[in-house]
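Note that the structure is predicted; figures quoted are calculated from it, not measured. Just follow the structure's listing: the first ligand is 1, and inside any ligand the first atom is 1.
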Amino acid sequence: KIKKSGGNHYSFFDVKEKALIQQRLELESEITQAIEKDQFAVWYQPQVNTQTHEVYGVECLIRWNHPEQGLIPPDLFIPIAEANGSIKELGYFVLKTACQQLRQWRIKNIFTGVMAINVSLRQFERNDLLAQVKKTLVDEMLPAESIELEVTESLFSEDNNYHTPILCALRELGVKVAIDDFGTGYSSLQRLKSLPIDNVKIDKCFVDNIEHCPEDVAIVMATILLSKTFKVDVIAEGIETQEQADKLSDLGCFNQQGYLYSRPLKAHDFEVWLADFSLKNNEIKTLKAINH
Ligand code: C2E
Ligand code: MG
Ligand code: MG
Ligand code: MG
């Protein structure tokens with residue numbers, strides 16, 4: 001939508017908007033080939049429990065290594081992939097890559113926790129997702145409980161509930177389901193009551209000002225209370241400072257993810273980070289034991 005500000009004069013905004021549309025068109029035309037050319041990579045971000053000091057989970061996040069534009073973040077190309085349908089292929093690539101990685105980590109006893117995988121609404125079309133998940137779990141010999149699918153609240157809006165049977169079938173296999181970006185979408189509390197989920201991810205926007213904003217504290221407390229009542233887990237994402245981490249732990253939200261612990265990392269860098277993290281925590285545990 002290009003707005004004309006009278007005659008043929010385009011405002012600066014139009015120029016910017018045109019550039020964005022141009023980039024969008026370029027990426028859209030390249031995305032299918034980019035999968036074949038192996039330009040996508042999966043990075044990993046740890047999920048930490050502040051009570052046990054364990055890395056109990058990892059979220060996998062896709063990156064596009066574009067030959068000219070460098071590393072492109074998913075917020076830029078996922079909507080494009082969703083619009084032109086290539087998200088199905090891309091989603092399957094992420095699922096396979098993450099599960100292959102998890103299998104390697106399990107074999108080497110590096111990481112045996114849960115792999116969280118983002119899935120888009122469109123991946124639920126034609127029942128592809130269920131078949132792909134089943135096949136991947138068998139191929140990689142993984143227990144269903146070792147993967148968690150992250151979906152957004154939009155999946156649960158009134159006119160979209162055709163996903164519910166698929167989610168239920170996945171959960172019957174043992175696959176976990178998490179609601180991502182919780183609190184930013186439109187799912188009513190009434191709907192929440194009947195959702196087939198195992199985990200709620202409190203969005204970063206409620207974490208950012210948690211030390212200074214009583215409203216955000218109230219939202220986080222309410223979410224924790226709801227999750228306890230519905231017997232689902234809760235995790236907060238986007239934690240950047242120790243103060244935010246402490247505040248969340250005080251409120252009873254021990255599962256945490258954010259730059260404070262680590263940014264998303266390439267597989268090998270994650271292994272290095274994890275070894276270092278475990279070493280430090282063993283030191284903490286030893287010190288605690290000595291002092292007792
Ligand atoms: P998300 O699933 O909510 O993932 C969290 C995003 O927040 C990630 O951005 C992560 O790098 C970032 N993040 C984590 N901790 C912090 C922090 O402490 N501070 C800040 N500022 N950011 C933090 P990323 O990797 O750019 O991904 C953005 C979004 O793209 C994701 O949001 C998700 O909705 C989507 N996405 C990523 N990978 C995939 C994928 O494989 N499939 C699909 N369908 N969507 C994906
Ligand atoms: Mg996510
Ligand atoms: Mg999120
Ligand atoms: Mg998001």
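Of all atoms in ligand 1, listed by their number and element, those nearer than 4.0 Å to a heavy atom of P264 are 11 (O). Atoms of ligand 1 found under 4.0 Å from any heavy atom of I239 (numbered from 1 in listed order, with element): 18 (O). In the vicinity of I62, heavy-atom distances shorter than 4.0 Å reach the ligand 1 atoms 38 (N), 39 (C), 40 (C), 41 (O). When each atom of ligand 1 is checked for a heavy atom of D75 under 4.0 Å away, the hits are 28 (C), 29 (C), 30 (O).
Take the Mg ion (ligand 3) as the corner point: the lines to OE2 of E237 and to OD1 of D180 open at 90°, to the nearest 10 degrees. Vertex the Mg ion (ligand 2), arms ending at OE2 of E59 and OD1 of N118: the angle is 90° after rounding to 10 degrees.
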Side-chain donor-acceptor pairs of residues 268-278 under 3.5 Å, sequence neighbours excluded:
{"unit_1": "E271", "atom_1": "OE2", "unit_2": "W105", "atom_2": "NE1", "d": "2.7"}
{"unit_1": "W273", "atom_1": "NE1", "unit_2": "Y261", "atom_2": "O", "d": "3.0"}
{"unit_1": "D276", "atom_1": "OD2", "unit_2": "K280", "atom_2": "NZ", "d": "3.1"}
{"unit_1": "S278", "atom_1": "OG", "unit_2": "L274", "atom_2": "O", "d": "2.7"}

Output side-chain donor-acceptor pairs under 3.5 Å for residues 23-33, partner residues at least two apart or in another chain, one line each.
{"unit_1": "Q23", "atom_1": "NE2", "unit_2": "Q69", "atom_2": "OE1", "d": "3.0"}
{"unit_1": "S29", "atom_1": "OG", "unit_2": "E26", "atom_2": "O", "d": "2.8"}
{"unit_1": "E30", "atom_1": "OE1", "unit_2": "H66", "atom_2": "NE2", "d": "2.7"}
{"unit_1": "Q33", "atom_1": "OE1", "unit_2": "K37", "atom_2": "NZ", "d": "3.4"}

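The part of E237 lying near ligand 1 is the side chain, judged by heavy-atom distances below 4.0 Å. Counting heavy atoms under 4.0 Å from ligand 1, residue I78 touches it through the side chain alone. Here I117 has no heavy atoms under 4.0 Å from ligand 1, in either its backbone or its side chain. The side chain of D180, and not its backbone, has at least one atom closer than 4.0 Å to an atom of ligand 1 (non-hydrogen atoms only; side chain from C-beta on). Using a 4.0 Å cut-off between heavy atoms, Q257 makes no contact with ligand 1 at all.
Looking at D181, its N, O or S atom nearest to the Mg ion (ligand 3) turns out to be OD1.
Distances between N or O atoms of P73 and those of ligand 1 include no value under 3.5 Å. The shortest N/O to N/O separation between E240 and ligand 1 falls below 3.5 Å.
In plain terms, the two heavy atoms of I224 and S227 that are nearest each other are O-OG, 2.7 Å.
Between the side chains of N209 and D216, no donor-acceptor pair of N or O atoms lies under 3.5 Å. For the residue pair E59 and Q257, a side-chain donor N or O sits within less than 3.5 Å of a side-chain acceptor on the partner.
In this structure, K228 fails the cation-pi test against F230, since its NZ or CZ atom is not both closer than 6.0 Å to the six-membered ring centre and inside 45 degrees of the ring normal.
The heavy atom nearest to atom 14 (C) of ligand 1, out of those in E150, R122, Q45, K204, is found in Q45. Here the shortest heavy-atom distance to atom 25 (O) of ligand 1, taken over E82, R63, Q256, Q244, belongs to R63. Across P74, C60, G91, A81, heavy-atom proximity to atom 30 (O) of ligand 1 is greatest for P74.
Taking backbone and side chain together, E150 holds an N, O or S atom under 2.8 Å from the Mg ion (ligand 2).
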Derivation and outcome, side-chain contact (heavy atoms from CB on, under 4.5 Å), residues K135 and D139 = CA-CA 6 Å; K135 178 171 169 18; D139 286 351; 2.7 Å; yes
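Using a 4.0 Å cut-off between a side-chain N of Lys or Arg and a carboxylate O of Asp or Glu, E82 and K88 do not qualify as a salt bridge. Looking at K201 and E237, a side-chain N of the basic residue comes within less than 4.0 Å of a carboxylate O on the acidic one, giving a salt bridge.
For E243, the CD atom sits in a packed shell: over 12 heavy atoms of surrounding residues, nucleotides or ligands are nearer than 6.0 Å.
Between W64 and F40, the ring-plane angle classifies as tilted under the 30° and 60° cut-offs.
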